[in-house]
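The block underneath contains the structure these notes are about, expressed in structure tokens.
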Amino acid sequence: RFAYNVIIRYFGHSGQLDLAMETFREMKGMGLEPDVYTYGFLVNAFGKAGRVQEARKFFDDMRDRGLTPNIPTYNLLMDTFRKVGQLDAALELFAELKKRGFRPSVVTYNILLDSLCSAGRVRAAKKVFNKMAGDGCTPDSYTYSTLVNGLGKAGRVEEAHKVHREMVDGGVVVDLVTYNSLLVTLAKTGNMERVWKLMKEISRKGFRPDAISFNTIMDALGKCNKPDAAHEVFGRMVESGCKPDLISYNILIDSYARFGDAARARQTLEEMLDEGFVPETKTYNSLIHGLGMDGQVDEAFALFEEMESKGCSPDVVTYNRLMDMLGKRGENKKAALLFQQMKDRGIKPDTISYTVRIDGIAYDDRLDDALMLFKEMKAMGCAVD
RNA sequence: GUACUGUUGUUG
């Protein structure tokens with residue numbers, strides 16, 4: 001049974017759900033009783049793939065077989081709910097496990113906190129955070145990164161900073177992830193002085209800033225239209241012995257692109273190819289954006305073709321970007337063709353797709369058509385925001 | 001003998 005469990009875990013981990021299922025059936029066929037680990041791995045496998053329904057079914061099956069789920073299995077299911085943003089289901093499960101007399105672990109609390117934060121309920125998250133110690137769960141470094149990250153994403157920079165200080169002063173064993181979480185928060189405010197101060201502190205504490213640390217700073221600079229400063233950080237990164245990764249290049253390309261420097265963006269693409277990295281759809285999307293910013297619409301479309309030949313399929317972002325470009329130049333015929341093309345290719349338009357199309361059409365004063373699209377958008381189940 | 005959680009990148 002142990003061997004089967006290991007195999008199921010492996011297949012789940014690598015996303016080969018059919019094989020995991022096959023192994024599960026084979027195991028039962030051999031007359032071996034699945035245990036809580038077996039079911040836990042299955043919940044995890046399907047949960048990771050976002051298949052909540054099935055994950056939940058395995059959890060229930062486990063009970064029907066007379067097995068009692070333990071805390072890690074509860075955590076696995078709860079984390080599945082978190083990943084797909086089903087806060088209510090997560091809260092319900094938490095209430096249930098307590099009612100059944102289980103003691104949540106720190107992990108349970110961490111998942112709960114993250115669920116609340118991702119749903120924007122930062123206030124509630126803080127309350128839970130304040131209560132967890134009384135429930136026998138001492139916050140750990142995961143707890144703090146989750147909270148700092150949540151507060152930061154909610155724009156509550158000072159609170160995030162305060163929580164971080166509390167953690168450091170309170171003697172919690174910190175790691176680089178907790179520092180990076182705060183770094184992201186500070187970087188987004190554009191206050192580089194604070195960012196570099198934190199970088200110093202990171203080193204002083206004996207950590208080496210990693211690619212995520214540097215990428216975070218580069219991204220912040222790029223977003224404030226300082227591609228050269230971002231490039232400088234790239235240099236520092238290399239100097240300090242930290243190897244740039246695919247994301248570093250994507251960020252750098254995006255920095256140049258949003259600044260409108262298509263030439264530099266392209267040059268960076270060449271550099272990343274030289275370094276042996278394989279560009280992604282995201283990479284091309286940034287480049288296309290850059291060409292659009294630079295007014296090089298034909299070049300943008302050339303790249304649109306090129307990306308395909310390099311094995312990067314355009315996605316909804318690519319199409320949105322191109323349609324917006326065309327709409328803003330009044331080329332609505334072409335934009336409409338692209339819109340049709342994306343649907344034909346099975347790329348589901350999202351809220352942004354409809355928004356840019358409606359926007360383009362509205363420039364043409366074709367309000368009836370715009371209204372029709374608006375209706376279609378709702379009919380397609382697209383959120384109207 | 002086996003498990004669960006946190007940090008960075010692309011579009012309106």
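Chain letters run A, B, ... following the sequence lines, proteins first and then strands; every chain starts at 1.
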Which of A/Arg321, A/Lys348, A/Met342 passes side-chain contact (heavy atoms from CB on, under 4.5 Å) with A/Val316? It is A/Met342

For [X] and [N], give me the distance from atom [atom1] to atom [atom2], rounded to whole Å.
| X | N | atom1 | atom2 | value |
| --- | --- | --- | --- | --- |
| A/Phe339 | B/rU11 | CZ | P | 19 Å |
| A/Phe304 | B/rU11 | CZ | P | 17 Å |
| A/Tyr74 | B/rU5 | OH | P | 18 Å |
| A/Arg9 | B/rC4 | CZ | C1' | 12 Å |
| A/Phe94 | B/rU5 | CZ | C1' | 14 Å |
| A/Arg321 | B/rU11 | CZ | C1' | 6 Å |
| A/Ile347 | B/rU11 | CD1 | C1' | 13 Å |
| A/Arg258 | B/rU11 | CZ | P | 5 Å |

Exercise. Between A/Asp135 and A/Lys98, does a salt bridge (Lys or Arg N to Asp or Glu O under 4.0 Å) hold up when you go through it step by step?
Worked result: CA-CA 11 Å; A/Asp135 201 14; A/Lys98 291 203 87 172; 3.2 Å; yes

When all nucleic acid strands are considered with a 4.0 Å heavy-atom cut-off, which category describes [X]: base, sugar-phosphate, or nothing?
| X | answer |
| --- | --- |
| A/Thr178 | base |
| A/Val177 | base |
| A/Asp219 | sugar-phosphate |
| A/Ile251 | sugar-phosphate |
| A/Thr73 | base |
| A/Lys153 | sugar-phosphate |
| A/Asp175 | base |
| A/Val107 | base |

[X] side chain N/O closer than 4.0 Å to the phosphate oxygens (OP1, OP2) of [N]?
| X | N | result |
| --- | --- | --- |
| A/Lys83 | B/rG6 | no |
| A/Arg1 | B/rG1 | no |
| A/Lys223 | B/rU10 | yes |

Closest listed nucleotide, where the reference is the side chain of [X] and the choices are [options]:
| X | options | result |
| --- | --- | --- |
| A/Asn75 | B/rC4, B/rU10, B/rG12 | B/rC4 |
| A/Ile352 | B/rC4, B/rG6, B/rU11 | B/rU11 |
| A/Val317 | B/rU7, B/rC4, B/rU11 | B/rU11 |
| A/Ile212 | B/rC4, B/rU8, B/rG12 | B/rU8 |
| A/Asn5 | B/rU2, B/rU10, B/rU5 | B/rU2 |
| A/Leu76 | B/rC4, B/rU2, B/rU11 | B/rC4 |
| A/Ser141 | B/rG12, B/rU2, B/rG6 | B/rG6 |
| A/Asn285 | B/rU2, B/rU11, B/rU10 | B/rU10 |
| A/Tyr142 | B/rU2, B/rU11, B/rG6 | B/rG6 |
| A/Thr351 | B/rG12, B/rA3, B/rU11 | B/rG12 |

### Message
Could you check whether atom NZ of A/Lys188 has more than 12 heavy atoms from other residues, nucleotides or ligands sitting under 6.0 Å from it?
### Response
yes

For A/Lys28, does the NZ atom have more than 12 heavy-atom neighbours from other residues, nucleotides or ligands under 6.0 Å away? yes

So for [X] and [N], does any side-chain atom that can act as donor or acceptor lie under 3.5 Å from a complementary atom in the base?
| X | N | value |
| --- | --- | --- |
| A/Asn70 | B/rA3 | yes |
| A/Asp385 | B/rG12 | yes |
| A/Ser145 | B/rG6 | yes |

Exercise for the section: Tell me whether the centres of the aromatic rings in A/Tyr109 and A/Tyr142 are closer together than 6.0 Å. Expected result: no

query = In terms of ring plane angle, is the pair A/Phe277 and A/Tyr249 parallel, tilted or perpendicular, where the classes change at 30° and 60°?
reply = tilted

Within 45° cone of A/Tyr284 ring axis and under 6.0 Å: A/Lys310 NZ or CZ: no

